[in-house]
Amino acid sequence: MEKYPFCEIEKKWQAYWEENSTFSVTEDPSVPKERRRYVLDMFPYPSAAGLHVGHPEGYTATDIYCRYMRMNGYHVLHPMGFDSFGLPAETYAIETGTHPKETTEQNINRFRQQIKSLGFSYDWNREVSTHTARYYRWTQWIFLKLYERGLAYQAEVPVWFCEALGTVLANEEVVATPEGLRSERGNHPVERKPLTQWMLKITQYADRLLEGLDTLAWPESIKTMQRNWIGKSTGANVVFKLAGGEGTIEVYTTRPDTLFGATYMVLAPEHRLVDKITTKDKRREVEEYVQTAGQKSDLERTDLAKEKTGVFTGAYAVNPVNGEKIPVWISDYILISYGTGAIMAVPGHDERDFEFAKKYDLPIIQVVSRDGTLHRLDEAYVEYGVAVNSGQFDGLATEEFKEKIITWLAERNAGEPAVNYKLRDWIFSRQRYWGEPIPLVHCRKCGIVPIPYEKLPLTLPEVESYKPTGTGESPLAAIEEWVNTECPRCGGPAKRETNTMPQWAGSCWYYLRFLDPQNKNELASREATDYWMPVDLYVGGAEHAVLHLLYARFWHKVLYDIGLVNTDEPFLRLINQGMILGEGGVKMSKSLGNVINPDEVVAEYGADSMRLYEMFLGPLEVSKPWSTQGISGVQRFLDRVYRLSGRRISDTAPDAAILRLLHKTIKKVSEDTGGIEFNTAIAQMMIYINELYKLDELPRSAWDPFVRLLAPYAPHLAEELWQQLGNNGSIADAGWPEYDETLTVEDRVTVVIQINGKVRSRMEIDAGTGREEVEKLAFEAPRVSELTAGKEIRKIIIVPDKLVNIVTA
RNA sequence: GCGAGAGUGGUGAAAUUGGCAGACACGCCAGACUUAGGAUCUGGUGCCUCACGGCGUAAGGGUUCAAGUCCCUUCUCUCGCACCA
């Protein structure tokens, strides 16, 4: 028996959808807001490898959802595009001299064709690619807005520099690996280097980025990750005077209530006071330590397992609460980039300080107690409790003490409340060719001058070589005629900024360009934005939890502040699809040779089988292994459906059992499709087909609704069957079938009879039978009377239409 | 170490409010049809037992008439963070 002719069917309907622009949408004002949906996929980076099977997973899910919503009368925006700036094309250009634009566009064409081969219902009229000048014109435009609002600035910062890539990386692009810190892309070693970079002041939005999370229907895990990444903490800055000299050391602490337990202080080796306060006799030792710390990689410095090190500076500070003189140390366990770069050490109540104090034999004082009594501290007690050894504050609960001491310090100008974030400003410049040029010029007279908005886009020049200069400058720096320009303000000689933007820039706002992709005057009209935004459903991989999703939220909030968008948050609901693993549950990778190529799957099994299979594997959100045997199972199902369509269609009504199953099926498939639980919806369709398969002829009223249910899942086959049924036009325009609740319930039910919680018998009775009747019938059932004979019956529990539990003594 | 999530047949997985554990599918077994079968159709398939029956949702305990589901303890795995004071 040969397979159904999926190849012809799929080609035919893909051509039909294309010719008829079946899925293009416009901003029709007659459609009320609540009948509109914006469903978005994370657009792909068009790599040379082509689509992998992970892409179609999320794309199929949104496609099914969109088709379902359309059939239910919704107006759905479902666009696709390409995140087409990026390093691989540039690396390839360095190796071969091929222009990145050329490879990128080849890859885009391949991706588009692959995506189309799966029959997704995108509105292709809205396709955008971030590397095109008509797109990045607006990326640059947004950058200038950020600059105008003081959210983009230059700073010399220690940044991650990657020798192999010849560029600076963002914190988020550096990952810890067993071999040390490496670039996320390419796994190359990275090092810390101070360089002048463009920074975006995302920290200014830290609170709003944090608060906004509460309003979003996102996975808790992603929200938690973002919260942790932002890392807000509240406490106090406390000022310690230096003993015997002028000057102060300011520290940040979340536990000002432990101030009486501060027995020493620690500065980061890079702290500006280190040089000033170090005494003569300690200078040599301190300088040596500072230098070693500076040479250490950050991995070494942040390795938790390593023993803490430090040296005494010879200086002392005065504890403002009790006038105690305490020594000032330096150690690389204190980070210059967090808080004030200095701490008061409370070894009794901080694990790190405890470890350090033990090693260097510094005093440990207990100032917090669980119950108000003193005991020996074998480890730091970090919990909240009651103050002890704290002078007039003894007996206060931690929470209350914190408030009191902050006020006390503030009255004496020795401290104030403080808030800190782990989030750092976003290092935004890249020393690369294949990215958006930063639209600024450096004028000797006027300083940094933005290129006027109407002069955008500032396009990428052609270059001889794509290699980074290695000096920390981008390949653009080598193009004299491009770099040397006029100052837009004074007309004098000026030089262009040669840094480009990171790949994240284009993806920060692409969902807005889809709303109005041809607009020449604005990035998107306010009308189009108001019509569609916010995104109702956003589906993509969890790897973007804190990068893309945080950056995009940041830009969106800025655009909101400018008045360009109508909402404070861009993505209302987010779903992360799980990874598709190789057979056996291991990661798919080239080195393991277990990569499944979607083209081959489509060629062998068809797009509908591929779509259905990926959805049938399991819940969308979880990772699940690919199984080549498994796909033949869903193909068999589609085959059966197709063969079934060859049977005679009758106009007689289906029998009661089929009718009931039909309505149950419509109900289950409707609820599960709306709830993005596609695996169980497919299982229900299989159950239905298994039953229909037993019939010699198909009642039209049992078959027609099924074809509609199938349409979101296997759209090509459904179109074909729809046409066979004598319909003109696309099934996409057909309505979704409705079910009658009363027809979904069984009139006879099987009730199990338990004795002491164990199933001993069962009986078939009318649904809705009353309790007394059920009880009576239960005792008439076989084995029940013999098993209960001579026993005291303590209790009878009846769950209507489900179960009877007879409890005996 | 901290945070989040997950552990159910040989495999992928199902299972409203606690109410027949294993739907659906893969695989396997048997049969039918066939020159043939990696096609198709029908039936079977958690484990132990000839059977009656017993045992089963990572392990142990608890609540309950009743626990995959609720509570406690432990273990394992995945993901994220990694001295953030």
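In the text below, chain A, chain B and the rest are named by the order of the sequence lines, each starting its count at 1.
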Any chance CD of A/Glu671 has more than 12 other-residue heavy atoms, nucleotides or ligands included, within less than 6.0 Å?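 It does: A/Glu671 CD has more than 12 such atoms within range.
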Sticking with atom [atom1], work out how far [N] lies from [M], rounded to a whole angstrom.
N     : M     : atom1 : answer
B/U69 : B/A6  : P     : 13 Å
B/G38 : B/G53 : C1'   : 41 Å
B/U16 : B/G22 : P     : 13 Å
B/C20 : B/G7  : C1'   : 24 Å
B/G9  : B/A32 : P     : 34 Å
B/U63 : B/G12 : C1'   : 34 Å
B/U8  : B/A14 : C1'   : 10 Å
B/G80 : B/U74 : C1'   : 24 Å

Measure from CZ on A/Arg794 to C1' on B/A66 and round the result to the nearest Å. 15 Å
Rounded to whole Å, CE of A/Met579 lies from C1' of B/C79 at a distance of 9 Å
Need one value for A/Ser623: base, sugar-phosphate or nothing, where a base atom within 4.0 Å counts as base even if backbone is also close, heavy atoms only. sugar-phosphate
Which is true for A/Tyr693 with a 4.0 Å heavy-atom rule: it touches a base, it touches only sugar-phosphate, or it touches nothing? sugar-phosphate
Mind checking the CG-CZ spacing from A/Leu638 to A/Arg640? Nearest 0.5 Å is all I need.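 Rounded to the nearest 0.5 Å, the CG-CZ separation comes out at 11.5 Å.
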Glycosidic class, syn or anti, of B/G22 using a 90° window around 0: anti
Could you verify whether a donor N or O on one side chain and an acceptor N or O on the other, from A/Tyr338 and A/Ser233, lie under 3.5 Å apart? yes
Does [N] have a Watson-Crick or wobble partner in any strand here, with both distances under 3.5 angstrom, and which is it?
N     : value
B/A32 : B/U40
B/C52 : none
B/U73 : B/A59
B/A14 : none

Using a cut-off of less than 4.0 Å, is there contact between a side-chain N or O of [X] and OP1 or OP2 of [N]?
X        : N     : result
A/Arg643 : B/C41 : yes
A/Lys795 : B/C65 : yes
A/Arg227 : B/C81 : no
A/Tyr333 : B/A85 : no
A/Lys758 : B/C55 : yes

Starting the side chain at C-beta, find the nucleotide from B/A85, B/C65, B/C83 nearest to A/Lys308.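 Among the listed nucleotides, the one closest to the side chain of A/Lys308 is B/C83.
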Look only at the side chain of [X] and the backbone of [Y], and say whether a donor-acceptor pair between them is shorter than 3.5 Å.
X        : Y        : value
A/Glu677 : A/Pro619 : no
A/Asp425 : A/Thr203 : yes
A/Gln366 : A/Val368 : yes
A/Arg272 : A/Glu270 : no
A/Arg553 : A/Leu209 : yes

Assign the ring pair A/Tyr4 / A/Phe6 to parallel, tilted or perpendicular, where the plane angle (0 to 90°) is split at 30° and 60°.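 Rings of A/Tyr4 and A/Phe6: perpendicular, over 60°.
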One character per nucleotide, please: for nucleotides 18-28 of chain B, 5' to 3', B when the base has a protein heavy atom closer than 4.0 Å, S when only the sugar-phosphate does, - otherwise. -BB--BBSSS-
Residues two or more places apart in sequence or in another chain: which of them pass salt bridge (charged side-chain N to carboxylate O under 4.0 Å, His left out) with A/Asp801?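 A/Asp801 satisfies salt bridge (charged side-chain N to carboxylate O under 4.0 Å, His left out) with no residue once adjacent residues are dropped.
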Proximity to RNA chain B (any heavy atom under 4.0 Å), residues of residues 252-260 of chain A only: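 Listed by number, they are A/Tyr252, A/Thr253, A/Thr254.
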Answer yes or no for A/Arg255 and A/Phe401: cation-pi contact, defined as NZ/CZ to six-membered ring centre under 6.0 Å and angle to ring axis within 45°. no
